[in-house]
**Q** 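Here it is, the structure, as structure tokens.
Throughout, a chain's letter reflects where its sequence line sits, starting with A, and its residues are numbered from 1.
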Amino acid sequence: MYALVDCNSFYANCEKLFRPDLRGKAVVVLSNNDGCVVARSSEAKQLGLKMGVPYFQVKEFCEKNDVTVFSSNYTLYVDMSHRVMSTLEKLCPTVEVYSIDEAFLYLADYPTAMTDLDSYGRKLKSIVEQYTGIPVCVGMGSTKTMAKLANYAAKKHPATKGVCVLDNLRWIRRIMQITDVGEVWGVGRRYKVRLNKMGIHTVYQLSICEPAKIRQHFGVVLERTCLELNGQSCLGIEAVEAKKQIISSRSFSTRISCPDELSQAVCSHAAKAASKLRKQDSVCHYLSVFAKNSPFSKTESYISISGQCQFITPTADTRVMVAAARQILMQIFVEDIRYAKAGVMLFDICQHDEVQPDLFAEDSNDNKQCTQSAKSAEVIAVMDQLNKRYGQNSNQQSAVFIASEGIKDKQSWQMSRDMLSPCYTTNINQIPKVD
DNA sequence: TCTGGGGTCCTAGGACCC
DNA sequence: TCTGGGGTCCTAGGACCC
């Protein structure tokens, strides 16, 4: 038996938490650069605001309807997420944090939960809400896909009061019959269209399909989904593993054509990606750089430039990676493009102690390479320590950084976050005050 | 004027091996 | 004139997730 605990309108409720004046009011949170609506409070959903809609299209609507709008404040959401997850970890021995706002709990080995699933689910819900202030819904089922379905039902149907247990066949069939197949975990927009064409519209209809037939048409992934809907568990609790690829990228608040500005952006992304890489004790073999103009422009054709390089000795050294990124950008740069976004990707990642040394490295006999890499590791470690200790300034710039990243204060293209809330829980200067 | 930023897995097809 | 059978590895692209 699995439970899925999912926070309701997570970002929107994080924003509401420290703003009692917004109780009962519509709140939306925007993506980076204040681009799209990515979270809506229940009141905002009732007003008909859609997920993913560009903000400029609904800005006027929000003003007219007294909707409070926030730029995304990831520092706040990540901290609140930790609080929710650590609360769950106190309540169940096996927790898989699946995303910033949801976690799977494995209940089969946990007798306390199994004796009365419904009351255990309600206990989870009320304790998380009491400890963190974040409302959640709980779904339970014999597989992860069923727990997802149960969670959807708990959110959708008020009669469940936020907790839904799918443990008897009649009830399971009923829920499946009234739920659209597009709501199933693993069925996206494309698959929904194709399933509809085959006459499959409800979850129930998918569940009674011959799994082999589903495999034939859609592949092994959806076949597993189909099996999971029949109670055959194909997905287990997964441990946290090191990332196999790392990306750092951002859109600019204004278009860029100047190579120096683009280079500063790319260098910052290289530095950020390198830092992420070190946090998981990894090194990488390949680094790629990309930049593109807006795919939405009606007057310009969509152009994307990219290039990559290989490190003979895999690395996580910021200086090496920033230099490589700069060099790639110089090779691929095209003039007269209004660049809207740039980024750096790292591939072929492995743990730093699993590195295969270079057979043809110069002076391998007297171990020059080792000495050098040890020195480089020392320098970077000092940099990381300083940055950890002194954190970032108000422009999100680290205490110690590579000069070619430029000074963020002076970069007019840095992403805009015009409606940013305070970091209530992580910055002592921004802690909420009670008058 | 203004449209996010991460990730994962699977498959098909080509290159290449013996 | 006729040209096998079995395998691996890599990459690009497509689907999905939040």
**Q** Can you list, by residue number, the residues of residues 177-187 of chain A that have a non-hydrogen atom closer than 4.0 angstrom to DNA chain C?
**A** A:Val184, A:Trp185, A:Gly186, A:Val187

**Q** In terms of side-chain geometry, is the basic nitrogen of A:Glu96 or A:Lys144 positioned less than 4.0 Å from the acidic oxygen of its partner?
**A** yes

**Q** With a 4.0 Å heavy-atom cut-off, tell me which residues in residues 244-257 of chain A come close to DNA chain B, sorted by residue number.
**A**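 Of all residues in residues 244-257 of chain A, the ones placing a heavy atom under 4.0 Å from DNA chain B are A:Lys244, A:Gln245, A:Ile246, A:Ile247, A:Ser248, A:Ser249, A:Arg250, A:Ser251, A:Arg255.
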
**Q** Are A:Asp180 and A:Lys192 close enough for a salt bridge, meaning some N to O gap below 4.0 Å?
**A** yes

**Q** Provide the distance between the two P atoms, one in B:dT3 and one in C:dC18, to the nearest whole Å.
**A**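 Per the computed distance, 25 Å lies between those P atoms.
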
**Q** Which of residues 42-65 of chain A have a heavy atom under 4.0 Å from DNA chain B?
**A** A:Pro54, A:Phe56

**Q** Under 4.0 Å, counting only non-hydrogen atoms across every strand here, what does A:Lys276 touch: a base, just sugar-phosphate, or nothing?
**A**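 The residue A:Lys276 makes sugar-phosphate contact but no base contact.
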
**Q** Look only at the side chain of A:Ser253 and the backbone of A:Met415, and say whether a donor-acceptor pair between them is shorter than 3.5 Å.
**A**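 It does not hold such a pair.
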
**Q** Heavy atoms under 4.0 Å, any strand shown: does A:Asn32 hit a base, just sugar-phosphate, or nothing?
**A**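 Here A:Asn32 touches the backbone only, sparing every base.
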
**Q** Any chance you could encode DNA chain C as dot-bracket? Rule is Watson-Crick or G-U wobble with both distances under 3.5 Å; [ ] for pairs crossing earlier ones, | for another strand.
**A** ....||||||||||||||

**Q** Given A:Glu43, which partner from the list A:Lys25, A:Lys16, A:Arg23 fulfils the salt bridge (Lys or Arg N to Asp or Glu O under 4.0 Å) test?
**A**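 Result: among A:Lys25, A:Lys16, A:Arg23, A:Lys16 is the only option passing the salt bridge (Lys or Arg N to Asp or Glu O under 4.0 Å) with A:Glu43.
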
**Q** Would you classify A:Tyr98 as touching base, sugar-phosphate or nothing, given that sugar-phosphate means primed atoms plus P, OP1 and OP2, and contacts are heavy atoms under 4.0 Å?
**A**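 Answer is sugar-phosphate: A:Tyr98 comes under 4.0 Å of backbone atoms only.
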
**Q** What residue among A:Glu300, A:Arg255, A:Lys341 forms side-chain contact (heavy atoms from CB on, under 4.5 Å) with A:Asn293?
**A** A:Glu300

**Q** Tell me if the centroids of the rings in A:Tyr339 and A:Phe252 come within less than 6.0 Å of each other.
**A** no

**Q** Any donor and acceptor pair, going by atom type alone, linking the side chain of A:Ser71 with main-chain N or O of A:Met419 inside 3.5 Å?
**A**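 Yes.
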
**Q** Please state whether the rings of A:Tyr424 and A:Phe18 are parallel, tilted or perpendicular, taking 30° and 60° as the class boundaries.
**A**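 Ring orientation of A:Tyr424 relative to A:Phe18: parallel.
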
**Q** Could you tell me whether the side chain of A:Asn427 and the main chain of A:Cys423 form a donor-acceptor pair under 3.5 Å?
**A**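 Side chain of A:Asn427 to backbone of A:Cys423: no pair is present.
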
**Q** Judged by atom type as modelled, is there a donor-acceptor pair below 3.5 Å linking the side chain of A:Ser72 to the main-chain atoms of A:Tyr74?
**A** no

**Q** Can A:Asp6 and A:Lys155 be counted as an ion pair, charged N to O under 4.0 angstrom?
**A**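 Between A:Lys155 and A:Asp6 there is a salt bridge, with a charged N closer than 4.0 Å to a carboxylate O.
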
**Q** Taking A:Asn393 for its side chain and A:Ser398 for its backbone only, find out whether a donor-acceptor pair lies under 3.5 Å.
**A** no

**Q** Hey, can you pull the residues of residues 413-424 of chain A with a non-hydrogen atom under 4.0 angstrom from DNA chain C?
**A**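 Residues of residues 413-424 of chain A under 4.0 Å from DNA chain C: none.
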
**Q** Would you call A:Arg122 and A:Asp118 a salt bridge, using N to O less than 4.0 angstrom?
**A**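 Yes, this pair counts.
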
**Q** Among A:Thr202, A:Ile208, A:Val184, A:Leu149, find the residue that satisfies the side-chain contact (heavy atoms from CB on, under 4.5 Å) test when tested with A:Met176.
**A**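 Of all the options given, the one that passes is A:Leu149.
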
**Q** Suppose we call two aromatic rings close when their centres sit under 6.0 Å apart. Are A:Trp185 and A:Tyr98 close by that rule?
**A**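 Yes, the ring centres sit under 6.0 Å apart.
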
**Q** NA contact type, A:Asp101, heavy-atom cut-off 4.0 Å: base, sugar-phosphate, or nothing?
**A** sugar-phosphate

**Q** Contact class for A:Lys192 vs. all strands (heavy atom < 4.0 Å): base, sugar-phosphate, or nothing?
**A**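 Counting heavy atoms under 4.0 Å across all strands, no contact is made by A:Lys192.
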
**Q** State plainly whether the residues A:Lys125 and A:Glu129 are in salt-bridge range, i.e. N to O under 4.0 Å.
**A** yes

**Q** Below 4.0 Å from chain A heavy atoms, what is the first contacting nucleotide of DNA chain C and what is the last?
**A** C:dA15 to C:dC18

**Q** So, A:Ser306 side chain and A:Phe290 main chain: donor-acceptor pair closer than 3.5 Å or not?
**A** no

**Q** Ignoring hydrogens and geometry, is there a side-chain-to-backbone donor-acceptor pair from A:Glu405 to A:Ile402 under 3.5 Å?
**A**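 Such a contact is found between A:Glu405 side chain and A:Ile402 backbone.
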
**Q** Which sits closer to the 5' end of DNA chain B, A:Ala340 or A:Val221, going by the nucleotide each is nearest to?
**A** A:Ala340

